[in-house]
2 protein chains.
Amino acid sequence: MSLVTLYNACQVCGDQSSGKHYGVSCCDGCSCFFKRSVRKGSHYACIAVKGNCVVDKARRNWCPSCRFQRCLAVGMNIAAVQEERGPRSQQAQSSQRLLAQTPPAPPSPPAPTVHFQILAQILVTCLRQAKLNEQFRLVARAQQDAILQVVWSECFILRASHWSLDISAMIESCGDMQLKFMLSEAQQLRADLMELNFLETLILCRKELALNADYALILETYSNGALCSLARYTLHRSHWLRFGQLLLGLRQLSLQRYDCALSCMFRNVVRDILKTL
Amino acid sequence: MSLVTLYNACQVCGDQSSGKHYGVSCCDGCSCFFKRSVRKGSHYACIAVKGNCVVDKARRNWCPSCRFQRCLAVGMNIAAVQEERGPRSQQAQSSQRLLAQTPPAPPSPPAPTVHFQILAQILVTCLRQAKLNEQFRLVARAQQDAILQVVWSECFILRASHWSLDISAMIESCGDMQLKFMLSEAQQLRADLMELNFLETLILCRKELALNADYALILETYSNGALCSLARYTLHRSHWLRFGQLLLGLRQLSLQRYDCALSCMFRNVVRDILKTL
DNA sequence: CTCGGTCATGGTTCAAG
DNA sequence: CTTGAACCATGACCGAG
Ligand SMILES: [Zn+2]
Ligand SMILES: [Zn+2]
Ligand SMILES: [Zn+2]
Ligand SMILES: [Zn+2]
């Protein structure tokens, strides 16, 4: 198992998710199960009485009670299940649907289109640069794309915070405090070009994102190589405290919340960008 | 015999087929027989020893061994037999109960109460330990609490993954794939007690979480101190690489998604726990 | 993109053998 | 016991807005 699959995991059973359903990222099975359970209004009793049955892909059908409890525990919204409609042939519609829309819709940011375009350009440049990374370029394309779909934002923050031109006005206009804060924090690393390249390798070659054990080994080798190079380089030019600070700085690059402006703007287009590279 | 009959014929015994089962068009009887045989793992012996008994509608029950062999011969897929499900008996009750038992949007402790309690105990221990951390204990309480409300989960993952007792059963019962994965990844750090303490300091003393500039300076000092200590310690006992790997390991500790089980369970009670410490 | 419904194919049940 | 006809549940798939 890898983090890549976990990103698309059903929050109820861990199976492959098919998107958000009733407010929660989950699989078709759990979505359908939740709908039927709410519709029928059936109250299950735990098979094992204790109410702590394991709910995973293989065993999710063992105990409907515990599966339903888990649906609720991860936040699936009963109110979002609509009234049963007739067969598809008939066109009977009810007005009750308005009551049952799922509430948590992250507001899409009205960023000025020009600035959006420029940020998108920066993102494309970052992704292109990543694919040219000295180590990462040697990784198979499928593995590359799987990784980039997770870490694209870290590459973006790293490179954008050290962009040669001043892009602060653009960031300002996005109105996202978190993005602004993260970029300014990352700027304080004041990494030079060599350091940036090593850090990029460390972002890209995370063995937890490997699709299988073979890739994991390769990625770990690259990561260790970048660690050694970075250590030698920083030790040569300054103090080795610098080495540790740069590595700690990597923590600041990951988006803390899923619904920041950057994520909202670009998470859905990253896949499309990757196809063109 | 007509084509229609052939098409609808059980490929095992020639009886009327009821659709595809386990990848093969076959009758209810053969389908059921195959499932039971696989589930029980029964190894039949041919009644006639020779293993070439006729399997047709009339004689299919004569020799289970030859019937099962024929199931396999026509390509029935053992992997398509699912895990057994719980009994279907006592379930449907009134719909009033469902709505009555429904916890509102933030679902308080989910079902497995015993394991929840133990995990909560571990969390409390982690938080208490954090407050006793050599550097962090010197920070003002308000700043401490502000930081812990963000990084509590990282402390938890770090300590729980290196817990002295085996807590894997408890983690398993949570049914959260991400939590399980993160703990197993963190375990691979195999940090000793000293390393754990330094890493804890690095988690707790993040200057980005400072409430003001003064605290930021203090936290940075502590963080740098822990970096130095950790560097000296690892360099003394092993290799530079180890130092870098431990720092990179810190990345794995942060919850990637806001709605994993750990977060659902505890994010609302962390504040209350902190009040009591 | 996430609602809805559909239906082939999983599952269990239980009288009959 | 095992069998299999009858019935229930599941989830991959598709259309609508
Ligand atoms: Zn699921
Ligand atoms: Zn149960
Ligand atoms: Zn048959
Ligand atoms: Zn035989």
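Numbered from 1 within each chain, the chains take letters A, B, ... in sequence-line order. Only heavy atoms go into these numbers, but all of them, side chains included; no hydrogens, no water, no symmetry mates.
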#### Entry: side-chain hydrogen bond (donor to acceptor under 3.5 Å, both in side chains) involving A:Glu84 - partner list, sequence neighbours excluded
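In terms of side-chain hydrogen bond (donor to acceptor under 3.5 Å, both in side chains), with neighbours along the sequence ignored, A:Glu84 is linked to no residue.
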### Query
Can you list the residues that meet the side-chain hydrogen bond (donor to acceptor under 3.5 Å, both in side chains) rule with B:Ser18, with sequence neighbours excluded?
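Once residues adjacent in sequence are excluded, the partners of B:Ser18 under the side-chain hydrogen bond (donor to acceptor under 3.5 Å, both in side chains) criterion are B:His21, B:Asp28.
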Can you give me the N/O atom pairs linking the protein to nucleotides 11-13 of chain D at distances under 3.5 Å, or say none if there are none?
| unit_1 | atom_1 | unit_2 | atom_2 | d |
| --- | --- | --- | --- | --- |
| D:dG11 | OP1 | A:Arg60 | NE | 2.6 |
| D:dG11 | OP1 | A:Arg60 | NH2 | 2.6 |
| D:dG11 | OP1 | A:Asn61 | ND2 | 3.3 |
| D:dG11 | OP2 | A:Arg67 | NH1 | 3.2 |
| D:dG11 | OP2 | A:Arg67 | NH2 | 2.9 |
| D:dG11 | N7 | A:Arg36 | NH1 | 3.2 |

[N] [atom2] sits how many Å from [X] [atom1], rounded?
{"X": "A:His21", "N": "D:dC14", "atom1": "NE2", "atom2": "P", "value": "15 Å"}
{"X": "B:Arg39", "N": "C:dG10", "atom1": "CZ", "atom2": "C1'", "value": "10 Å"}
{"X": "A:Ile47", "N": "C:dG11", "atom1": "CD1", "atom2": "P", "value": "16 Å"}
{"X": "B:Phe34", "N": "D:dT2", "atom1": "CZ", "atom2": "P", "value": "17 Å"}

### Query
Does the side chain of A:Tyr22 get closer than 4.0 angstrom to OP1 or OP2 of C:dC1 through an N or O atom?
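No, outside the criterion.
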Restricting to salt bridge (Lys or Arg N to Asp or Glu O under 4.0 Å), what partner residues turn up for [X], sequence neighbours left out?
{"X": "A:Arg60", "value": "A:Asp15"}
{"X": "B:Lys20", "value": "none"}
{"X": "A:Asp214", "value": "none"}

Compare the minimum distances between each of [options] and the side chain of [X], then state the nucleotide with the smallest one.
{"X": "B:Arg88", "options": "D:dT2, C:dG11, C:dG5", "answer": "C:dG11"}
{"X": "A:Lys20", "options": "C:dG5, C:dT2, C:dC3", "answer": "C:dT2"}
{"X": "B:Gln82", "options": "C:dG4, C:dG11, C:dT2", "answer": "C:dG11"}

#### Entry: Gap between atom CD of A:Glu154 and atom CG of A:Leu158 - 0.5 Å precision
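Reported to 0.5 Å precision, the distance equals 9.5 Å.
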### Message
So, using ring pair (Phe, Tyr, Trp, His ring centres under 6.0 Å) as the criterion, who are the partners of B:Phe34 when residues are at least two apart?
### Response
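B:Phe34: ring pair (Phe, Tyr, Trp, His ring centres under 6.0 Å) contacts with B:Tyr22, B:Phe68.
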### Message
Once side chain to side chain donor-acceptor pair (under 3.5 Å) is applied, what residue pairs with a partner in residues 69-83 of chain B remain, sequence neighbours excluded?
### Response
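Residue pairs with at least one partner in residues 69-83 of chain B: B:Gln82-B:Arg85.
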### Task
Please determine if A:Glu208 and B:Arg251 form a salt bridge, counting it only when a charged side-chain N lies under 4.0 Å from a carboxylate O.
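Answer for the salt bridge query: no.
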### Query
In which stems does DNA chain C show up, taking only runs of three or more Watson-Crick or G-U wobble pairs whose two distances fall under 3.5 Å?
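C:1-17 with D:1-17 - these are the stems of 3 or more pairs that involve DNA chain C.
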